[in-house]
Protein chains: 2
Amino acid sequence: MFTRPTLIRESVYDHLRDAILNGEFQPAERLGEVELTERLGVSRTPIREAIGRLTQDGLLEGTPGRGVRVRVVSAVEAQSAYVVRETLDGLAAALAASAHTDADAGALEATLSELEAASSEDYREQTRLDLAFHRRIAQAAHNLPLLDLARDLEQRIALVKHQTRIYNSHPQTAAQHRAILKAVLARDQEAARRTAALHVRTFAALVMENLGVQSV
Amino acid sequence: MFTRPTLIRESVYDHLRDAILNGEFQPAERLGEVELTERLGVSRTPIREAIGRLTQDGLLEGTPGRGVRVRVVSAVEAQSAYVVRETLDGLAAALAASAHTDADAGALEATLSELEAASSEDYREQTRLDLAFHRRIAQAAHNLPLLDLARDLEQRIALVKHQTRIYNSHPQTAAQHRAILKAVLARDQEAARRTAALHVRTFAALVMENLGVQSV
DNA sequence: AGCCTTCAGATTGTATACAATATCCAGCAA
DNA sequence: TTGCTGGATATTGTATACAATCTGAAGGCT
């Protein structure tokens, strides 16, 4: 009823983020403001604001006066991101185990069911639902700073995933998701932390393997 | 020789951040762009960019079309931030224990010595050096995503600290700093994690205690 | 050749103009 | 009084103009 008009800068932000994460820009490709102006049909102002946010998100990098480019994530940094995520997701799961409400439980169950029902060939849908599941856990932790940090880290991971072209789930993924949910619903903090951390580690190992890096 | 001119938006960002963290704005105080324009003598453009960053940092909050205000941190959120920091600082210390270089070790030792030598009554200097010590540990972890996340969380904590008016160090602080450094230098990951987490918990307890007798 | 200088074109940083919303208060009706 | 309506005012969102800086190549010097 009182829908406020969508801001141009938000549209631009979403568009650019999706474009980066879908590989429509090459890693290290330079993004000129004027070029984007012509491409998107809006003025430089909202583009600059979107670029600013994306830079803080870690998806772009730039030096003042010299524009921005798509950030290149090194193998070392990818590894670093997963190390942090292992701990952070573990914390989120542990907190969710202790703090989740009935509504959280229902949402978690619903999201995971959807994920399990998704076609195993629809990579995009799987990624979307996997993301949603992890976000739901972070929400169920009822810890705002954690939620914000997790979202930030997720963006970086998304960039890693794209640049390393790891699209498929690990075979154990489904079972691990179930294990996490079970531990959370049972309010078993330590089990939740353990299973969530293991899940990240499993996936990280897959990514690292593809990168030709031996995991620590 | 190759000093690039300081950007106005950076100056504005630094100025506003310091002002917020020094209490020159009341919590929930509205920041009008035009007002800041007159106050700082620059145009709206760099002010808007600085405000955007501060909003993403969690120091300001705003709804589109309605400007921004200094974010009010509730007691619950303060507690939440410390819970996350406990884990994150623990991880940073553990990683630092395993990854620090000789240069890191020197810098850590130097910073802590400075902190110990600082006058116990100069709250500002103590805060600055305490911050520097914690940041050095995060740097010694050699994990860029972690460093970024820690910085983000630190900003929020700084806001909490200001709004709860906790300025003094806990008596055990000095000993705990030494214990952290010792564990890091000994490359004892678990001890580093434990001591760092304990340090955060000690301080968090102090903050929470003060929140119990004070309405924010 | 190799390196520096210089300058034109392109690009970003900042200021300002204009458009779209939101805020607030006077006035009125129930 | 309380609540609504309308419109003047103020504020934010976007576009554009202008200034400062960077880039890159042509031309001169050693």
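Here is how names work: the chains are called A, B, and so on, in the same order as the sequence lines, proteins then strands, and each is numbered from 1.
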* Between A/Tyr13 and A/Asp57, is any side-chain donor less than 3.5 angstrom from a side-chain acceptor? -> yes
* Please give, in whole Å, the distance from C/dA15 C1' to B/Arg48 CZ? -> 13 Å
* Asked: When you measure from the side chain of A/Val34, which nucleotide among C/dT12, C/dG13, D/dT14 comes out closest?
  -> C/dT12
* Asked: Taking atom types as modelled and ignoring hydrogens, do the side chains of A/Thr101 and A/Asp104 form a donor-acceptor contact shorter than 3.5 angstrom?
  -> yes
* Roughly how far, to the nearest 0.5 Å, is the CG atom of A/Leu147 from the CD atom of A/Glu154? -> 9.0 Å
* Can you tell me the distance, in whole Å, between the CD atom of A/Glu33 and the P atom of D/dT21? => 16 Å
* Could you say whether A/Gly65 or A/Arg9 is positioned toward the 5' end of DNA chain D, judged by the nucleotide with the nearest heavy atom to each? => A/Arg9
* For residues B/Glu109 and B/Ser113, is any side-chain donor paired with an opposing acceptor at under 3.5 Å? -> yes
* **Nearest-Å distance for atom pair CG/P, residues A/Leu31 and C/dA10** => 19 Å
* Measure from CZ on A/Arg69 to C1' on C/dT12 and round the result to the nearest Å. => 15 Å
* Asked: Atom CD1 of B/Ile47 and atom C1' of D/dT11: how far apart are they, to the nearest Å?
  -> 13 Å
* Asked: Just wondering, more than 12 heavy atoms not from B/Asp18 lying within 6.0 Å of its CG?
  -> yes
* Asked: Are any of A/Arg66's side-chain N or O atoms less than 4.0 Å away from OP1 or OP2 of C/dT12?
  -> no
* Spacing between B/Arg30 atom CZ and C/dA22 atom P, to the nearest angstrom -> 13 Å
* **For atom CD1 of B/Ile51 and atom P of D/dT11, their distance in whole Å** => 13 Å
* To do: Starting at atom CD of A/Glu49, determine the distance to atom P of C/dT12, rounded to an integer number of angstrom.
  => 16 Å
* To do: Give one of base, sugar-phosphate or nothing for B/Arg44, where a contact means two heavy atoms less than 4.0 Å apart.
  => base
* Is any side-chain nitrogen or oxygen of B/Ser43 closer than 4.0 Å to OP1 or OP2 of C/dA15? -> yes
* Structure fact -> Closest of C/dT14, D/dA15, C/dT12 to the B/Pro46 side chain is C/dT14
